[in-house]
Structure formats: C-alpha cells, structure tokens
Amino acid sequence: MATRAVMFTIGKFRCFPILKNRVAKFTSSSNLLNTSTFDPGYTRDPSEVFFKENVQALLDRLTGRDYEKVFQNRKLGQRLEPPKYELLTQAEVDQVMVEMEVKLKKKLQMPPLLKEREPVTKILSKDAELQGFDNCKYVFIDISQGINDRKREVVVRDPNGVLRDASWEERQKMCQIYFPLPGRQISMPKMFEETHLQDCLDQGQYQFVLDRACAQFEPDDPDYIRVTRKTYNCIDENNKFSTLRSTRHFGPMVLHLVLCKRMDNLLFHFITSKEVKAAADLVRLFHLVWSDSSPSELDEFQLIENYIQGPAVKKPALELAWQTFLEIEKQRLEALSQQNKASN
C-alpha cells in the first residue's frame, strides 16, 4: 500500500513524512544555531556536587515544607475545580497526609544544576558529489517510539554534501515537532530575550520565569543556564529569597550561590529571620562544596560564627546581624527563665 506524503508548514520549517523516517527542509535563512554562551562563574562542575546524597539532603531541608505555598492555586489558564469537603477518621487523615507528602516531594523535585553541554561536531560523511544539489539543509529523524529524545538519531545533510549529527538546537526542534512536550515551543519564546527577561524579573516574576525555563529548555542548554543564573542573581541582589522558598527552584539557587561564593546575602537573610538551623545548613553546604566535608564536632552557633570570622565576604553586615541575633536570643532566654522561676 502506497504511503501518501502530506506537506505542512510550521514557521520556517517545511516538513513532510516519508515512510518510517521524516525529513525536514530548512531554508537557508533559518536561524537554527544559538551561539550565545553564559559563564556562571563556577570553578568546578556543578553536577559533581548536586547529585551527592548529603548535598541533596541539605538542599531539601533548606527548601522547607510550606504546604499552603506548595499547593496554592496558580494562574495557569486552567479551570479550577470546586473544593470538596469530607469527614475522615484519624486513620484516613493519616493516609491522606502520606499521599500529600508524596505529591509534595514530586512538586519539590529540584531541576539539576549542570554545566553547559558541549557542541555537537560529529561528521558522518562528506559526499562531494551532492554539493550544490540544493541550497537547503535536510534533517532526518528516527520517529520510533520508546526512544529518549537525547538518544534519538537525528542527522543533517548540509548543502555542501556533509552528513553530520544534528546540533542540539536542531534536535530539540525536530523532537518537539514529532514528540511535543507540554509547555515547550519550537522556537524560544520572546520572554527569554534579554530585554523581555529583565522586564519579567523587574516585576518579580521569578518563579514563573524559572518554571517556564524548565519547560522550554534542557538543564544543560546554554539558554537555560543564562536565564536561571540571571534570575538567581537578581533574587540575590534584591534579597527576594522568600519568593522561592518551598519551591523546587530554591535548592538549585542555593547551590548556585554557594558555587559562586556569594551566599552571604542568603546567610544574612536566615540570621535576621532567626532561622539558625537553615543558616547552619547553609554553612554545612559551603563546607561540603569546597572541602568535601562538613565539621561534625561543631554546633550550629559555632558553624555560623566560624564562617563569619573566616571565609565570609560581607563580614561587617554578618557580624552585626549575628550579634543582634545573639542579644535578642539572650534576652529571650532570660525572660523565659524568669517566667519559669515565677511559675515555680
């Protein structure tokens, strides 16, 4: 039985099916390659740190567990279902809480912090006899089911006769055409262009930008790295850490700040918020990243004091905040002691 080919057009793509494989024809004016790069300022591969179990445990604790924030309604263009009220026994309540914890962990699953991927340069063959056959590229993609998009075979025939592996950008566009992912567009949305991105950040839309970046890009995409690091740095400069607390983006932001050695603002935020455990966990994370071990013999107060007196960059501000906290804590303990004596 003959197979009928139906050509369709999507933007600057001219695509048509041919039996089991697909061919896409790109006009010479198509801007497929994005050569923009971004240096986040790391001196080591972040993936070497991010996937360690002890680092994951610290990032998980630092993220927090605000159920109302995690499960709050968000404006995603979807119709909200009316709430349901049920009378439950204590056993049923416990079961619901277990299910909620599973859902919470899924919602707080952190996107990985990776280094920028290497460009694809593999050439399969050079066929000079095909040079000048056409002035357009031809892209061939294996559309077999059950293959990971990163492992799917995608090759490109250039006008000069070179057959090569598709670049990352070409691969993502073709996979999105035939295996579309929810929330991802074929071309990069304009909101990620520098001017529009800065407008979104100026409006405080940090979580929206990061959620959209996770949907649009792969974690090692240069544009993902550029957008997320710019967002993290903007949050750090404006001390808006609370906006990402209890979201899946807080952990990667914390690790980014530690890798860049600019975590002092966050530590100041924890101290002034009287979150000593979080502040101590942040210092433990710093030691794990930069010395592969965390002092176990020191208590929370000693950890924080040693960091402030040692590697801290913004010592005056941190020292003042820490001394203020200690004075308030001392007064609180004295008042509590007097209350206990009076009650006895």
Grouping ILVMFWY residues whenever side-chain heavy atoms fall under 4.5 Å, the cluster of Leu108 otherwise contains Tyr67, Val70, Phe71, Leu88, Val93, Val96, Met97, Met100, Leu104
Test Gln56 against Asp60 for side chain to side chain donor-acceptor pair (under 3.5 Å), laying out the working first. CA-CA 6 Å; Gln56 285 286 312; Asp60 183 68; over 6 Å; no
Same cluster or not: are Val313 and Phe286 linked, directly or through other Ile, Leu, Val, Met, Phe, Trp or Tyr residues, by side-chain heavy atoms under 4.5 angstrom apart? no
Same cluster or not: are Met191 and Phe217 linked, directly or through other Ile, Leu, Val, Met, Phe, Trp or Tyr residues, by side-chain heavy atoms under 4.5 angstrom apart? yes
Evaluate the criterion side-chain contact (heavy atoms from CB on, under 4.5 Å) for residue pair Lys240 and Cys234; output intermediate values, then yes/no. CA-CA 8 Å; Lys240 297 294 185 180; Cys234 185; over 6 Å; no
Run the side-chain contact (heavy atoms from CB on, under 4.5 Å) test on Asp223 and Glu116 for me, step by step, so that the C-alpha distance in whole Å, both residues' side-chain angles and the decisive distance to 0.1 Å come before the verdict. CA-CA 9 Å; Asp223 281 316; Glu116 184 178 323; over 6 Å; no
Enumerate the residue pairs fulfilling salt bridge (charged side-chain N to carboxylate O under 4.0 Å, His left out) with a member in residues 321-336, sequence neighbours excluded, ordered by first and then second residue. Glu329-Arg332
Between Asn265 and Lys314, is any side-chain donor less than 3.5 angstrom from a side-chain acceptor? yes
Regarding Tyr138 and Asp134, is there a side-chain donor-to-acceptor distance under 3.5 Å anywhere? yes
CZ (Arg184) and NZ (Lys173) are apart, to the nearest 0.5 Å, by 12.5 Å
Nearest 0.5 Å, what's the CD1-CG distance between Ile225 and Leu113? 8.0 Å
Value rounded to 0.5 Å, distance of CZ in Arg61 from CG in Leu282: 12.0 Å
Going through the checks in order, is the side chain to side chain donor-acceptor pair (under 3.5 Å) test met by Asp264 and Tyr307? CA-CA 10 Å; Asp264 288 9; Tyr307 174 81; 2.5 Å; yes
Where Met253 and Leu244 come nearest, the two heavy atoms and their spacing: SD-CD1, 3.8 Å
After noting the C-alpha distance and the side-chain angles of Glu170 and Arg164, does the key distance pass the salt bridge (charged side-chain N to carboxylate O under 4.0 Å, His left out) rule? CA-CA 12 Å; Glu170 292 166 336; Arg164 58 178 174 81; 3.1 Å; yes
Closest approach of Ser167 and Val120, non-hydrogen atoms and distance? CA-CB, 4.3 Å
Test applied, side chain to side chain contact (heavy atoms under 4.5 Å, CB included); reference residue, Arg284; option that passes from Val55, Leu303, Leu298, Leu62: Leu303
Taking the six-membered ring for Trp, are Phe241 and Phe270 ring centroids under 6.0 Å apart? no
Hey, what do you get for CD1 (Ile304) to CD1 (Ile271), rounding to the nearest 0.5 Å? 5.5 Å
Nearest 0.5 angstrom please: Asp299 CG to Glu305 CD, how far? 8.0 Å
side-chain contact (heavy atoms from CB on, under 4.5 Å) between Arg212 and Val227, intermediate numbers included: CA-CA 10 Å; Arg212 190 80 188 276; Val227 170; over 6 Å; no
Do the side-chain N and O atoms of Tyr224 and Arg117 include a donor-acceptor pair separated by under 3.5 angstrom? no
Quiz item: cation-pi between Lys261 and Trp290, 6.0 Å / 45°: yes
For a side-chain contact (heavy atoms from CB on, under 4.5 Å) check, start with the C-alpha distance between Phe50 and Leu59, then their side-chain angles and the critical distance, and finish with the verdict. CA-CA 9 Å; Phe50 180 82; Leu59 294 179; 4.3 Å; yes
Distance only, no hydrogens: is a donor on one side chain within 3.5 Å (strictly under) of an acceptor on the other, for Asp199 and Gln203? no
Donor on one side chain, acceptor on other, Gln302 and Asn306, under 3.5 Å: no
Of all heavy-atom pairs between Asp221 and Gln172, which one has the smallest distance, and what is that distance? OD2-OE1, 3.9 Å
Minimum heavy-atom separation for Ala215 and Gly183, please, with both atom names. CB-O, 3.8 Å
Applying a strict under-4.5 Å side-chain criterion to I, L, V, M, F, W and Y, I'd like to know whether Met188 and Leu181 cluster together. no
Does Arg152 count as lying over the ring of Phe179, i.e. NZ or CZ under 6.0 Å from the six-ring centre, within 45 degrees of the axis? yes
Smallest separation among heavy atoms of Arg226 and Leu197, with atom names: NH1-CD2, 4.0 Å
Let me confirm one number: the OG1-OH distance from Thr247 to Tyr206, rounded to the nearest 0.5 Å. 13.0 Å
Please determine whether side chain to side chain donor-acceptor pair (under 3.5 Å) holds for the pair Lys230 and Gln198, giving the CA-CA distance in whole Å, both sets of side-chain angles, and the decisive distance to 0.1 Å. CA-CA 9 Å; Lys230 185 179 180 67; Gln198 189 59 53; 3.1 Å; yes
Suppose the criterion is side chain to side chain donor-acceptor pair (under 3.5 Å): which pairs have a residue in residues 267-280, not counting sequence neighbours? Arg245-Glu275
Measuring centre to centre across the rings, with the benzene-like ring taken for any Trp, is Tyr42 within less than 6.0 Å of His256? yes
